[in-house]
Amino acid sequence: MIRNQIPIALTRFPPCEKKSLLHLKTLHRQSHFSAPELCQATNLNLLPVKTIQSPSYASILQGLKALKPLQQVHTRIITSGLAQNIFLSNRLMNSYASCGVLTVAEVIFQSMPSKNVVSWTILISGFSKHEHYLEALEIFRKMMISGVLPSAVTLASVFPAFVHLGMIKIGRSLHGFLIRYGLEINLFVETSLIDLYSKFGSIGVARKQFDMMVEKNMVSWNAIISGYSYNRFGKEAVQLFRMMQRRGLMADSITIMSLLAACMVMVCQQIVGLIHNLIVKNGFSNDMLVNTALMENYLKHRCINDAYQIFREELPVKDVVAWTSMLVGLSDAGYGKQAVRIFDEMTGTSNIMLDHVAFMCMLSCCSRSGALQRGKLVHSITIKTSFGDDALVGSATIDMYSNCGDLESAEKLFDILEEKDVVCWNAMIAGYGMQGRGDDAVALFFQMKCLGVLPDEATLVSILCACSHAGMVDQGIKIFDLTVKESCLVPTLQHYACLVDLLGRAGRLYDAYSLIHNMPLEPDAGIYGVMLGACKVRKNFELGTIISQKLFELDPDDAGYYVLLSNMYAAAGNWEGVKVTRVSMKSKGLKKIPGLSTIEIGREVHTFMAGDTDHPEYPRIIEALKRLITKIEAAGYMLDTRLVFQDLPDDAKREIILHHSEKLAIAFGIMNTKPGTTIRIIKNLRICDDCHIASKFISKVEGREIIMKDANRFHIFKDGICSCKDYW
DNA sequence: TTAGGGTTAG
């Protein structure tokens with residue numbers, strides 16, 4: 001209604017521009033007129049230059065957010081000789097900054113004969129809002145040097161920059177500055193401080209700040225709720241939300257996003273449903289961001305149908321984040337096949353603007369599932385879209401090749417990648433490590449250090465694992481000591497677990513045991529688990545029994561440790577021990593994780609489980625496997641029934657061993673690939689001893705290279721020999 | 001001033 005009055009208003013106030021513009025300004029506030037429309041309506045170019053005074057320009061500029069009319073007004077201001085006006089220059093800068101044209105804003109700033117605190121603040125806020133944090137801080141620094149006292153608004157504008165750059169000390173000292181100058185009583189500044197402290201992990205200080213605030217608005221409530229979510233205090237975030245509701249405030253989309261982030265760190269599916277109701281009730285069902293976050297929650301809680309419902313129906317327009325979230329969510333929740341479908345849609349259509357995060361996630365999915373062909377496809381797309389030069393995407397690609405066992409491609413890429421970050425080096429070191437190439441891993445580690453790249457926690461894990469798999473005990477210990485001494489790296493439990501593994505695997509069980517007792521950290525179940533594994537490999541059943549007792553005290557609900565102990569008893573022929581362990585496992589309702597082997601044939605990923613007859617080609621696979629076993633038996637393979645850790649008749653044991661998932665996958669691979677083709681298999685657990693022996697024979701009689709990745713490392717079987725040299 | 005997807009090991 002009001003919109004229609006504008007042309008009439010113009011005809012009514014033709015020459016008296018000041019009055020008309022003031023009237024237009026009022027109309028503009030009421031009518032939400034867009035800036036270009038308003039500018040056109042004022043018909044600037046038809047009015048004589050001198051008739052427009054600076055307050056009118058200031059009014060026009062206030063609502064101006066489109067570049068073209070802004071440039072027109074700017075030209076007019078210059079020709080009117082008003083360019084030196086500090087008030088108008090500030091407004092101009094503000095408008096250019098809002099349009100994202102920071103360079104012009106900066107030029108105006110530089111050309112101003114005198115600047116006030118508002119001029120500085122506008123420029124700082126402009127850079128900060130457009131995520132140019134370093135530039136924002138540099139201008140702030142110059143402002144302080146020139147002796148201009150920042151206002152509360154200036155500080156509220158620089159705080160986000162400190163937060164994003166993780167500059168905790170300066171942020172805190174500025175808080176002190178605020179108090180000294182009595183600037184802290186400002187809603188904006190106080191809210192910025194809540195965000196600053198919670199992002200720096202001081203949620204208690206943030207909460208104090210929040211409680212102290214006399215005036216609170218929606219944004220302050222959102223800041224503290226998101227602060228709790230960010231610090232993984234899901235329950236507290238929800239509690240504060242309830243408090244907010246009791247004060248009569250309605251949740252906006254930001255509140256809901258923060259609550260959904262809180263649910264991601266809680267194991268409480270019910271709350272997700274409640275928030276879903278809130279979304280519908282408060283009218284956010286069409287919000288893409290809210291829907292994406294809700295979908296992630298359903299995936300996290302494995303409510304896959306609800307997630308699909310949102311993805312397919314509530315998100316008619318999906319951006320790259322929605323696609324990436326769906327892919328990662330499905331993959332993390334263990335829905336591999338569904339994840340592959342999303343993956344294919346992402347690579348198969350040009351409608352999705354893939355970005356570097358999407359590529360990284362896609363490569364990570366391929367890496368985890370060993371899908372080399374799909375990984376190669378993503379690599380080729382990154383090259384075509386010039387994302388290949390990105391250090392982060394490059395790292396993810398190297399990791400994908402390393403994890404899929406294609407070290408040659410990993411090396412090639414590693415050599416040509418110009419910007420190598422620490423993750424790149426880690427991925428390559430881990431790649432060598434997983435294939436037992438300890439010398440190469442160590443050489444690369446020292447090369448990295450020579451080039452000045454600082455090793456991080458993951459580097460140390462990777463290099464220690466590499467030494468462990470290669471049996472390089474002394475070298476590993478030396479690197480551990482050196483790294484801890486030279487860098488500020490504080491070793492974690494994971495690092496000690498690697499050391500225990502390094503010693504234990506090499507048979508130095510008592511050194512490993514003494515390390516557990518003497519290390520500066522309290523040992524956890526993970527460390528004892530590694531130790532138990534070493535006892536099993538080294539057949540030290542006495543020590544193994546002691547360790548397992550400790551383990552069951554610390555983590556009584558992990559089925560893996562029971563299986564390990566039971567297998568150890570079985571290997572020693574202690575069937576009573578096996579029985580007791582199995583019964584105790586059953587009484588706790590614990591189930592062994594089934595062994596799974598996957599193989600990629602063409603673009604299909606096939607998964608096999610021992611004794612699982614679901615595969616459509618199962619009868620053919622079994623026939624092929626039988627023929628294969630006869631062939632390797634003729635070559636000297638002898639099936640060892642002692643490896644079945646259950647008290648069963650020999651025939652039954654033979655059946656079990658013959659139907660292990662690794663063997664099914666190998667037989668299927670041979671059936672479906674041309675002679676001579678390399679067979680790549682991924683197993684989720686440690687490869688079984690019999691399958692290890694059988695694979696060596698198969699590689700020889702079939703003339704095939706078999707690359708098998710198990711939970712620990714790669715085994716490359718060729719001509720009857722395994723790359724691990726039977727040390728794993 | 002508050003809010004979405006993030007590569008490395010095990």
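These values consider heavy atoms only, across backbone and side chains, with no hydrogens, waters or symmetry-generated copies. Every chain is numbered from 1 and lettered A, B, ... according to where its sequence line falls, protein lines coming before strand lines.
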Describe the nucleic acid contact of A:Ser395 in one word from base, sugar-phosphate, nothing, applying a heavy-atom distance below 4.0 Å. base
Quick one: label A:Thr292 by what it contacts on the DNA or RNA (base, sugar-phosphate, nothing), any heavy atom closer than 4.0 Å. base
Name all residues meeting the side chain to side chain contact (heavy atoms under 4.5 Å, CB included) criterion together with A:Arg232; count only those two or more places apart in sequence or in a different chain, and write none if there are none. A:Val265
Positions of residues 413-423 of chain A (non-hydrogen atom under 4.0 Å from DNA chain B), listed by number: A:Val423
Show me the donor-acceptor pairs within less than 3.5 Å that the side chains of residues 286-294 of chain A make with the rest of the protein, sequence neighbours left out.
{"unit_1": "A:Asp287", "atom_1": "OD1", "unit_2": "A:Leu289", "atom_2": "N", "d": "2.9"}
{"unit_1": "A:Asp287", "atom_1": "OD1", "unit_2": "A:Val290", "atom_2": "N", "d": "3.1"}
{"unit_1": "A:Asn291", "atom_1": "ND2", "unit_2": "A:Ser285", "atom_2": "O", "d": "2.8"}
{"unit_1": "A:Asn291", "atom_1": "ND2", "unit_2": "A:Asp287", "atom_2": "O", "d": "3.3"}
{"unit_1": "A:Asn291", "atom_1": "ND2", "unit_2": "A:Glu314", "atom_2": "O", "d": "3.3"}
{"unit_1": "A:Thr292", "atom_1": "OG1", "unit_2": "A:Met288", "atom_2": "O", "d": "2.7"}

List the residues meeting side chain to side chain donor-acceptor pair (under 3.5 Å) with A:Gln447, not counting sequence neighbours, and say none if there are none. none
Nt span of DNA chain B in reach of chain A heavy atoms at under 4.0 Å, 5' end first, is B:dT1 to B:dG10
With heavy atoms under 4.0 Å as the rule, sort A:Val393 into base, sugar-phosphate or nothing. nothing
Give the table of side-chain donor-acceptor pairs shorter than 3.5 Å for residues 120-127 of chain A, with sequence neighbours excluded, one pair per line with atom names and distance.
{"unit_1": "A:Thr121", "atom_1": "OG1", "unit_2": "A:Val117", "atom_2": "O", "d": "2.6"}
{"unit_1": "A:Thr121", "atom_1": "OG1", "unit_2": "A:Thr154", "atom_2": "OG1", "d": "2.8"}

Counting the atoms with a prime plus P, OP1 and OP2 as sugar-phosphate, which does A:Ala156 contact under 4.0 Å by heavy atoms, base, sugar-phosphate, or nothing? sugar-phosphate
Looking at every strand, decide which applies to A:Lys216 at a 4.0 Å heavy-atom threshold: base, sugar-phosphate, or nothing. nothing
Please classify the nucleic acid contact of A:Asp355 as base, sugar-phosphate, or nothing, using heavy-atom distances under 4.0 Å. base
Mind checking A:Lys129 for me? I need base, sugar-phosphate or nothing, with any heavy atom below 4.0 Å counting as a touch. sugar-phosphate
When we call it a touch if two heavy atoms are under 4.0 Å apart, what does A:Asp319 touch: a base, just sugar-phosphate, or nothing? base
At 4.0 Å (heavy atoms only), tell me whether A:Asn291 reaches a base, stays on the sugar-phosphate, or touches nothing. nothing
Identify whether any heavy atom of A:Ala427 sits under 4.0 Å from a base atom; if not, whether one sits that close to sugar-phosphate; answer base, sugar-phosphate or nothing. nothing
Neighbour count above 12 (heavy atom, 6.0 Å) for A:Glu419 CD: no
For A:Ala261, answer base if it contacts any base atom (sugar-phosphate contacts may also be present), sugar-phosphate if it contacts only those atoms, and nothing otherwise; contact means non-hydrogen atoms under 4.0 Å. nothing
Determine whether the aromatic ring centres of residues A:Phe445 and A:Trp425 are separated by less than 6.0 angstrom. no
Go through the structure and list residues passing side chain to side chain contact (heavy atoms under 4.5 Å, CB included) with A:Asp501, not counting sequence neighbours. A:Ser468, A:Arg505, A:Val530
Can you sort out the partners of A:His469 under side chain to side chain donor-acceptor pair (under 3.5 Å), two or more places apart, ordered by chain and number? none
Non-neighbouring partners of A:Arg686 that pass side chain to side chain donor-acceptor pair (under 3.5 Å), sequence neighbours left out: none
Within the structure shown, what part of the strands sits under 4.0 Å from A:Glu457 by heavy-atom distance: base, sugar-phosphate, or nothing? nothing
